[in-house]
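We use all heavy atoms of the structure for the numbers below, so side chains are in, but hydrogens, waters and symmetry mates are not. Throughout, a chain's letter reflects where its sequence line sits, starting with A, and its residues are numbered from 1.
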There are 2 protein chains.
Amino acid sequence: MDTALDRAVRVFRERGYHATSIGDLTAAMRLATGSVYKAFRDKRAVFLAAFERYTARRQEQTRSAAAEGNNGRERVRNVLRSYVEHSRGSEGRRGCLVVGSAIELSALDSEIGARVIAQLRSNENFIASLIREGQADGSIPGSVAADDTARLMICITQGLRVVGKARLPLEADRLVAVAMKLLA
Amino acid sequence: MDTALDRAVRVFRERGYHATSIGDLTAAMRLATGSVYKAFRDKRAVFLAAFERYTARRQEQTRSAAAEGNNGRERVRNVLRSYVEHSRGSEGRRGCLVVGSAIELSALDSEIGARVIAQLRSNENFIASLIREGQADGSIPGSVAADDTARLMICITQGLRVVGKARLPLEADRLVAVAMKLLA
DNA sequence: TTTATTCGGGAATAATCGTTCCCTATTATC
DNA sequence: GATAATAGGGAACGATTATTCCCGAATAAA
């Protein structure tokens, strides 16, 4: 079932919620219609489960990327780099469920809207905490406004997903180098 | 007819393409079904016209915002500020047709995908030209990488639309101040 | 005044959608 | 070994969708 849900994640990422029919879903999950409705109440429930699964995986990916840095500054850099890499190429073309939900659903479904906000806030808090770590270990100047910078970095990461989905090429080294000026 | 198209823009911005039914469209445009199909070939044609109208208006809005600056640096700042203002509050909640098209349609409709890319590139080139103006007039250091910075700023603007649609509050002064560090 | 013609309106249509229902294996229980 | 329970599959259903067709009013032409 988990592997079927992974396939659902993939379809929703590629086609979005509304453009994904039950037929698309069953084909991707390799399950019959009845089986899907035995496991989930309705299409929305499949999406919610897929969203949950996607965000959990993404969370551990960025946490583990951060963990490889030796100080706050390096950890922020690694998070940014990880985001660029996931927004690039075929993976980027696949899209992000958080961005997709924000654009397509948050205005129409308040519960999904709340989950999107929660996810954004969680990521923002994580980045802000990394910045403060850097200020404590001396790798980031104390003059940096941690909260505001974190919020702008969230905008950068979400914007990367949009641009990557649109298939504009993203050069990781250059973009990260420019973005790191925000920690000067 | 132009006023009807403006209303179509509004619905598509709020609900996206797939979640907007012909019924939603006729109600918003205050036109009957037959009248819509007399003016446009199909729903997609309405969307294309709405997209065109939206991008034209947005383009003049950001150009005129830029024009009020006295040097390159101020013009970039004005563009960023304009983007934050349009991404904030009720206007931000309404959403952006470029971001919406990128997320919902660019993978499914190559012509719309091409228009999204063209729009992003146009905005990026405009920002890059403002940066170069600033370097010429001395308000921006020559060490700034114009193209890379412009691309990152496009990510910021698109990300602002995502975050604004999700209803996270955006503080214009603070965000713009942080972003301007990219021109240091 | 009468006759075309245009324009907006809305019912009818055909396709597609999400959902439900029922059937058939397969596994577990007694 | 017989039976109950479960899981999966797919046809059938009703609702909704985009689209087409035709009607009536208003305007222009004769």
Side-chain atoms of residues 173-184 of chain B: list all donor-acceptor pairs with protein atoms under 3.5 Å, sequence neighbours left out, distances to 0.1 Å.
from: B:Asp173; atom 1: OD1; to: B:Arg81; atom 2: NH2; distance (Å): 2.4
from: B:Lys181; atom 1: NZ; to: A:Leu182; atom 2: O; distance (Å): 3.0
from: B:Lys181; atom 1: NZ; to: A:Ala184; atom 2: O; distance (Å): 3.2

* Asked: Tell me the salt bridge (Lys or Arg N to Asp or Glu O under 4.0 Å) pairs involving residues 153-165 of chain B, sequence neighbours left out?
  -> none

* Partners passing salt bridge (Lys or Arg N to Asp or Glu O under 4.0 Å) against B:Asp6 (at least two apart in sequence or in another chain) -> B:Arg53

* To do: Apply side-chain contact (heavy atoms from CB on, under 4.5 Å) to A:Ala32 and list each qualifying residue two or more places apart in sequence or on a separate chain.
  => A:Ser35

* With sequence neighbours left out, what residues match A:Tyr54 under ring-ring contact (aromatic ring centres under 6.0 Å, His included)? -> none

* Structure fact -> Residues at least two apart in sequence or cross-chain that pass side-chain contact (heavy atoms from CB on, under 4.5 Å) with A:Leu108, listed by chain then number, are A:His18, B:Arg15, B:Ala19

Restricting both atoms to N or O, compile the protein contacts to nucleotides 17-20 of chain D shorter than 3.5 Å, with distance only.
from: D:dA18; atom 1: OP1; to: B:Thr20; atom 2: O; distance (Å): 3.4
from: D:dA18; atom 1: OP1; to: B:Lys43; atom 2: NZ; distance (Å): 2.8
from: D:dA18; atom 1: OP2; to: B:Ile22; atom 2: N; distance (Å): 2.7
from: D:dT19; atom 1: OP2; to: B:Tyr37; atom 2: OH; distance (Å): 2.6
from: D:dT19; atom 1: OP2; to: B:Lys43; atom 2: N; distance (Å): 3.1
from: D:dT19; atom 1: O5'; to: B:Tyr37; atom 2: OH; distance (Å): 3.3

* To do: Would you mind reporting whether A:Arg63 and A:Ser82 have side-chain heavy atoms less than 4.5 Å apart?
  => no

* **Partners passing side-chain contact (heavy atoms from CB on, under 4.5 Å) against B:Asn78 (at least two apart in sequence or in another chain)** => B:Glu68

* So which of residues 101-114 of chain A are in contact with DNA chain D, with a heavy-atom cut-off of under 4.0 Å? -> none

* Asked: Taking any atom under 4.0 angstrom from a heavy atom of chain B, which nucleotides of DNA chain C are the first and last to qualify, 5' to 3'?
  -> C:dG8 to C:dG10

* **Residues which pass salt bridge (Lys or Arg N to Asp or Glu O under 4.0 Å) with A:Glu52, listed by chain and number, not counting sequence neighbours** => A:Arg115

* **Residues forming a salt bridge (Lys or Arg N to Asp or Glu O under 4.0 Å) with B:Glu14, sequence neighbours excluded** => B:Arg10, B:Arg94

